[in-house]
Visitor: 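Structure incoming, see below.
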Amino acid sequence: MKHTTLIFVGLLFFNFSLIGQTEEKASEASKPAEKQEFIYAEKEPQVLNMGDVAAKIEYPQLARDAGIEGIVIVRVLVDEEGNYEKHKFIEKIHPILSDQVEAHVHELKFSPALQDGKPIKFWVNIPFGFKLTKKKKKLFKRN
């Protein structure tokens with residue numbers, strides 16, 4: 001009998017030496033609204049409710065039956081107050097797994113990123129791992 005485990009690597013976060021991305025506003029120097037730049041942050045956003053959100057994401061039976069495993073990586077824009085603003089997928093293993101993550105990623109809450117002691121918008125990458133595992137069978141010795 002196959003058993004499955006949904007691994008949330010997102011708790012580890014992918015800390016890339018506190019360098020992330022921010023989003024420039026359209027009003028600044030006539031830059032496009034979607035322009036992204038790498039910036040330094042004293043403190044990256046931290047997920048405050050990963051356990052709650054992770055508990056809601058299911059490993060779809062269809063994916064388990066098909067043996068689909070992997071990591072879905074979502075880039076989330078966190079606003080100055082630590083709220084989810086929007087997301088993009090960096091890595092989609094399969095749409096059935098990405099759909100599960102997408103249904104709940106907006107529920108994530110964060111501590112805000114800080115730059116010069118002030119909260120800023122900041123992009124963070126959050127991986128969600130889907131891994132099939134087999135339950136070990138216990139051997140019983142008969143007398």
Side-chain angles (χ1 to χ4, degrees), residues 1-140:
M1 181 175 179
K2 277 189 178 178
H3 290 271
T4 58
T5 303
L6 184 56
I7 301 170
F8 289 94
V9 186
L11 293 174
L12 301 178
F13 231 100
F14 279 8
N15 277 325
F16 293 121
S17 66
L18 300 179
I19 296 176
Q21 290 186 339
T22 186
E23 187 164 295
E24 294 292 323
K25 296 181 181 175
S27 62
E28 294 178 344
S30 69
K31 294 180 182 177
E34 294 297 317
K35 179 153 175 73
Q36 296 174 12
E37 297 178 357
F38 282 99
I39 61 157
Y40 170 78
E42 296 163 7
K43 184 178 177 187
E44 284 188 9
Q46 299 297 311
V47 181
L48 303 176
N49 65 337
M50 188 61 161
D52 295 336
V53 174
K56 294 180 182 181
I57 298 175
E58 297 177 6
Y59 203 137
Q61 185 63 45
L62 186 58
R64 287 186 279 167
D65 293 344
I68 300 169
E69 299 180 313
I71 297 175
V72 175
I73 302 174
V74 182
R75 176 170 286 168
V76 176
L77 180 61
V78 180
D79 72 13
E80 297 90 345
E81 296 170 0
N83 298 311
Y84 161 95
E85 191 165 300
K86 63 182 176 179
H87 72 275
K88 300 176 186 179
F89 283 98
I90 303 300
E91 183 71 42
K92 288 183 174 184
I93 297 304
H94 192 281
I96 197 165
L97 299 179
S98 302
D99 289 349
Q100 280 296 312
V101 172
E102 189 159 40
H104 299 285
V105 71
H106 68 277
E107 298 172 23
L108 291 171
K109 301 289 182 198
F110 301 85
S111 62
L114 298 176
Q115 183 181 58
D116 296 326
K118 297 177 185 174
I120 59 169
K121 284 187 181 185
F122 199 84
W123 285 97
V124 292
N125 294 341
I126 303 175
F128 294 88
F130 292 84
K131 175 87 175 144
L132 294 170
T133 60
K134 293 181 182 179
K135 186 175 180 182
K136 293 182 181 179
K137 295 180 182 178
K138 292 183 180 180
L139 299 176
F140 294 99

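Numbers here simply count residues along the sequence, with the first being 1.
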Visitor: Once rounded to the nearest 0.5 Å, what's the spacing between atom CD of Gln100 and atom NE2 of His94?
Guide: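 With rounding to 0.5 Å, CD (Gln100) is 13.0 Å from NE2 (His94).
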Visitor: Would you confirm whether Asp116, through its side chain, and Lys118, through its main-chain N or O, come within 3.5 Å as a donor-acceptor pair?
Guide: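 No; judged by distance alone, with no hydrogens or angles, the pair does not exist.
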Visitor: What heavy-atom pair brings Ile57 and Val101 nearest, and what distance separates the two atoms?
Guide: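 Looking at all heavy atoms of both residues, the shortest contact is CD1-CA, 4.2 Å.
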Visitor: For Glu91 and Phe128, what are the C-alpha separation, side-chain angles and deciding distance, and is it a side chain to side chain contact (heavy atoms under 4.5 Å, CB included)?
Guide: CA-CA 10 Å; Glu91 183 71 42; Phe128 294 88; over 6 Å; no
Visitor: What is the minimum heavy-atom distance between Gly129 and Ile71, and which atoms define it?
Guide: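 Minimum heavy-atom separation between Gly129 and Ile71: CA-CG1, 4.1 Å.
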Visitor: Which residues pass the salt bridge (Lys or Arg N to Asp or Glu O under 4.0 Å) test with Glu107, sequence neighbours left out?
Guide: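 For Glu107 the salt bridge (Lys or Arg N to Asp or Glu O under 4.0 Å) partners, ignoring immediate neighbours, are Lys56.
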Visitor: Side chain to side chain contact (heavy atoms under 4.5 Å, CB included) for Ile96 and Phe130? Distances and angles first, verdict last.
Guide: CA-CA 11 Å; Ile96 197 165; Phe130 292 84; over 6 Å; no
Visitor: Take the angle between the ring planes of His87 and Tyr84 and call it parallel below 30°, perpendicular above 60°, tilted in between.
Guide: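 Geometry flag for Tyr84 against His87: tilted rings.
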Visitor: Provide the closest heavy-atom pair for Val47 versus Leu108 in the form atom of the first, atom of the second, distance.
Guide: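 So the two residues come closest at CG1-CD2, 3.8 Å.
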Visitor: Can Phe110 and Glu44 be said to form a side chain to side chain contact (heavy atoms under 4.5 Å, CB included), step by step?
Guide: CA-CA 9 Å; Phe110 301 85; Glu44 284 188 9; over 6 Å; no
Visitor: Mind listing the closest non-hydrogen atom pair of Phe122 and Ala41 along with its distance?
Guide: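 Scanning both residues completely, I find the closest heavy atoms to be CE1-CB, 3.5 Å.
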Visitor: If every non-hydrogen atom of Gly67 is compared with every non-hydrogen atom of Leu132, which pair is closest and at what distance?
Guide: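 Closest heavy-atom pair between Gly67 and Leu132: CA-CD1, 3.5 Å.
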Visitor: For Lys121, run the side chain to side chain donor-acceptor pair (under 3.5 Å) check against Gln115, Glu85, Glu80 and tell me which one passes.
Guide: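 Answer to the side chain to side chain donor-acceptor pair (under 3.5 Å) test with Lys121 among Gln115, Glu85, Glu80: Glu85.
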Visitor: How long is the span from the CG atom in Asp99 to the NE2 atom in His104, to the nearest 0.5 Å?
Guide: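 So the gap between those two atoms works out to 11.0 Å.
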Visitor: For the atom pair CD1 (Ile120) and CG (Leu114), what is the distance rounded to the nearest 0.5 Å?
Guide: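 CG of Leu114 is found 8.0 Å from CD1 of Ile120.
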Visitor: I need the minimum non-hydrogen distance between Tyr59 and Lys131, along with the two atoms involved.
Guide: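 Closest approach of Tyr59 to Lys131: CE1-N, 3.4 Å.
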Visitor: Measure the shortest side-chain to side-chain distance between Val124 and Arg75 over non-hydrogen atoms and say whether it is less than 4.5 angstrom.
Guide: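 Sidechains of Arg75 and Val124: no contact.
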